[in-house]
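Along the sequence shown, residues carry numbers from 1. On a predicted model such as this, the values are computed, not experimentally measured, just so you know.
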Amino acid sequence: MGLRKLRKDYLTKPVFRWASAAMPPISETEREAIDAGTVWWDGALFSGNPDWKALLAMPPARLTEREQAFMDGPVRELCAMVDDWKIAWQDRDLPPEVWRFMREQKFFGMIIPEKYGGLGFSNAMHSEVVRTVSTASVVAGFTVMVPNSLGPGELLLHFGTEEQKDYWLPRLADGREIPCFGLTSEDAGSDAAAMTDTGVVEHGDIDGERTLGIRLDFHKRYITLGPVATVMGLAFKLRDPDNLLGEGVERGITVALIPTATPGVSHGERHMPQFTHFQNGPLHGKDVFIPLDWILGGRKQIGQGWKMLMTALAAGRGISLPSQSAGSAAICARVTGAYARIRRQFNLPIGDFEGVREHLADLAANAYLIDAARRLTVAALDEGHRPSVISAIMKYHATERMRQSVEKAMDIHGGKTIIDGPRNYLGGQHRSVPIGITVEGANILTRNLMIFGQGAIRSHPYMLDEMTALSEADKAAGLDAFDRSFWAHAGHALRTVFRTWGRGWTGGRIAPAPDGAALPHHWRRLSRLSAAFALLSDMALLTLGGALKRKEMLSARMGDILAELYLLGAVLKRYEDEGRQEEDLPIVDYVMLTGTDRIAAAFDGVLANLPARWAAWLVRFLAFPLGVPRAHPPDRLADQVAAILLEPTAQRERLTPNLYLGEGRDGHPVRDLEEAFHLVAASAPIEKKMREAKLRDPEQAHRRGLISDDELAHIRAAEAATARVIAVDGFAMEDISPLASQHRRGKKLHEAAE
């Protein structure tokens with residue numbers, strides 16, 4: 001005890017004073033965001049020595065028989081009912097029969113327990129439904145997504161009173177109520193502290209009876225389902241100027257459940273997000289009076305709104321948009337591979353050109369990686385984790401890779417998907433990209449401030465304890481807590497130094513890999529990079545302190561390293577979970593090489609720009625004595641990966657499972673594409689015979705007896721199917737523009753004058 005007191009008085013106290021000055025106090029809003037959710041695998045990565053065996057031991061996400069039956073039945077029926085072209089360009093909404101079907105089949109109540117009349121599905125099932133439906137229609141996907149993620153249902157389950165649950169959850173489950181959530185203020189955007197929506201505690205009249213309640217004024221926008229919602233969850237800043245509740249004036253961000261038919265609430269005009277036409281619009285409230293028992297969770301949850309939202313978002317952000325992104329990446333990979341096989345230029349399928357194959361390899365890699373990470377994340381959620389940092393990683397990286405996939409798919413398709421119309425199967429995916437990038441935390445904000453900024457505090461083994469101690473009002477108690485955390489941190493840092501040194505100077509050869517796992521070289525590389533990341537994190541925090549918050553580009557690169565470590569671990573786990581399929585080795589190698597190359601670029605970026613040059617030099621010396629290793633995939637590997645998408649094989653099905661491919665819809669463009677793809681692939685042996693005979697005309701080959709009647713018919717069927725796919729839509733001038741008749745009249749007058 002005496003030695004600890006000496007240490008605390010003569011060693012810890014000066015560090016405590018320095019750290020108190022260097023580290024800004026944690027604001028209440030920041031603290032609530034940091035406390036939201038749980039630490040899971042992100043904590044293992046920050047430790048610098050993740051237990052990969054524990055990751056592999058986690059059971060993969062699985063659907064129950066009941067869930068699979070719903071996928072095979074109502075989900076497929078819903079997909080066949082929606083026509084994305086008609087929704088976007090004619091109806092500007094889902095048809096009434098689709099809304100009715102979604103209510104009847106309880107698509108809005110998937111996460112609500114069966115005892116409340118919901119379906120009680122798992123997070124994995126929620127994810128699969130959103131992923132599949134989004135490949136049929138982005139509008140339908142968003143419509144299913146919102147009631148089952150951040151919204152009244154999710155918040156009620158976690159924070160509602162029993163009376164609120166008993167009343168609202170059955171009504172939400174069967175679709176009697178359509179929910180939305182009002183968070184974004186007109187001027188505040190992502191800055192909840194700047195929210196301008198207010199509630200004041202006062203007395204008012206409800207049904208002629210004087211009641212203590214809240215007077216609200218609010219202006220919310222970008223609210224999905226807002227135009228059709230019957231109940232909204234509303235976030236606002238609550239004040240009690242007369243201290244009627246006896247707990248002070250400023251009560252903080254609070255959430256209430258408000259029927260949109262309440263006097264003073266208005267829907268406003270509808271937004272039109274990128275011509276996708278899912279229901280979205282503003283909600284306004286002027287002089288709205290509500291009783292106190294409309295506060296979500298009752299009076300005890302007054303002022304807890306931001307924490308409630310962050311807790312719900314910690315789960316929802318890891319499901320909805322990553323699932324939609326996974327579906328988009330998979331459909332882009334599948335249809336682009338098929339199109340590259342059937343579309344010919346210079347008498348060759350365009351999939352034979354190396355430039356196209358390079359894009360195809362990236363499409364296949366994105367599809368494999370996003371789905372691997374999605375499956376791992378929902379498996380963690382189903383085990384009860386609420387990993388806010390991992391959810392931020394998933395939101396950012398899934399939507400960014402979706403953006404890359406859509407752009408590469410559009411590049412390969414060329415004019416086919418530039419021309420809009422019923423035959424354009426990528427138009428909806430392309431228009432939706434900016435939406436996923438923007439909502440649930442804009443991607444710039446998420447990458448630059450949240451992933452590492454929140455992770456360094458929340459997921460680091462000791463940082464949160466140290467910052468809490470520094471913010472302690474009782475300085476003696478704070479010093480005592482800081483003393484324990486700081487010296488534990490020092491021991492951890494010392495172990496990290498030796499771990500990084502050993503793994504760095506041996507090129508990762510002594511880095512651990514899980515016993516019995518395949519591809520140990522990939523696991524060892526991740527172990528080496530994880531140790532280097534932990535060391536660099538400590539050096540950045542030590543040398544920059546609170547200033548790291550303002551070094552957004554450094555923070556972004558650190559977040560990139562953390563994210564890639566998570567994503568690549570998910571890829572290796574998927575390979576193990578799927579039984580180490582030998583034919584998947586090229587794609588796993590390709591993903592691992594491109595991912596570690598991105599990590600290397602991020603390390604280089606941090607080390608080149610870290611203000612404390614001695615710290616950067618030390619990390620380079622210990623972790624990368626021969627330089628940060630780069631390993632871009634060789635061309636032959638890219639060629640192998642691209643080939644996966646160009647053949648109708650079981651491997652292609654495994655890479656792009658559970659997509660809607662136009663089943664049950666005559667003339668659906670993806671169904672036509674699949675038919676043409678299979679016909680063209682089956683024609684390959686016939687075409688080979690013709691090439692060897694140096695004949696290009698099937699009729700001539702038939703006349704010479706080189707191909708049979710059936711083979712000629714097959715070739716002609718493939719040509720006809722290909723022609724249907726390559727065709728694009730055209731419209732009468734009058735159907736496109738109301739000015740068309742004026743143009744025609746002007747042309748006739750001009751011709752008459754001549």
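Between the side chains of N148 and E154, no donor N or O sits under 3.5 Å from an acceptor N or O.
When all heavy atoms are compared, the tightest approach of A398 to I370 is O-CD1, 3.9 Å. Of all heavy-atom pairs between S537 and M558, the closest is OG-CE, 3.3 Å. A pairwise comparison of heavy atoms in L381 and R386 identifies O-NH1, 3.4 Å as the closest pair.
Put simply, the side chain of N49 never gets that close to the backbone of S47: no donor and acceptor are under 3.5 Å apart. Looking at E67, its side chain does come within 3.5 Å of a backbone N or O of S122 through a donor-acceptor pair. Checking side-chain atoms of R509 against main-chain N and O of T506 turns up a donor-acceptor pair under 3.5 Å. Judged purely by atom type and a 3.5 angstrom limit, K106 has no side-chain atom pairing as donor or acceptor with the backbone of I112. Remark: the backbone N or O of R317 is not paired with any side-chain donor or acceptor of S320 at under 3.5 angstrom. A donor-acceptor pair is defined here as one N or O able to donate and one able to accept, closer than 3.5 Å; such a pair exists between the side chain of T649 and the backbone of R652.
The side-chain hydrogen bond (donor to acceptor under 3.5 Å, both in side chains) contacts involving residues 325-344 comprise S328-Q429, R334-E653, R334-T656, R334-E674, Y339-R343, R341-E647, where partners must be two or more places apart or lie in separate chains. Sorted by first then second residue, the ring-ring contact (aromatic ring centres under 6.0 Å, His included) pairs that include residues 578-606, not counting sequence neighbours, are F603-F624.
Checked for salt-bridge contact, E114 and R66 meet the test: a charged N lies under 4.0 Å from a carboxylate O. Taking 4.0 Å as the cut-off between side-chain N and carboxylate O, D411 and K408 do not count as a salt-bridged pair. Salt bridge present: D666 and R671 bring a charged side-chain N and a carboxylate O closer than 4.0 Å. Ion pairing between a basic and an acidic side chain is recognised when a charged N comes within 4.0 Å of a carboxylate O; E711 and K689 show such pairing.
Below 30°, between 30° and 60°, or above 60°: for W501 and W505 the angle between ring planes is above 60°, a perpendicular geometry.
To the nearest 0.5 Å, atom OG1 of residue T496 and atom CG of residue L536 are 12.0 Å apart. Here N366 contributes atom CG and R401 contributes atom CZ; the two are 6.0 Å apart, rounded to the nearest 0.5 Å. Within the model, atoms CG of L78 and OH of Y660 stand 10.0 Å from one another, a figure rounded to the nearest 0.5 Å.
A 6.0 Å sphere centred on CD of E358 holds no more than 12 heavy atoms belonging to other residues, nucleotides or ligands.
Only one option out of H430, H413, H668 pairs with Y425 in a ring-ring contact (aromatic ring centres under 6.0 Å, His included); it is H413.
Taking the six-membered ring for Trp and the full ring otherwise, F70 and F107 have centroids separated by under 6.0 Å.
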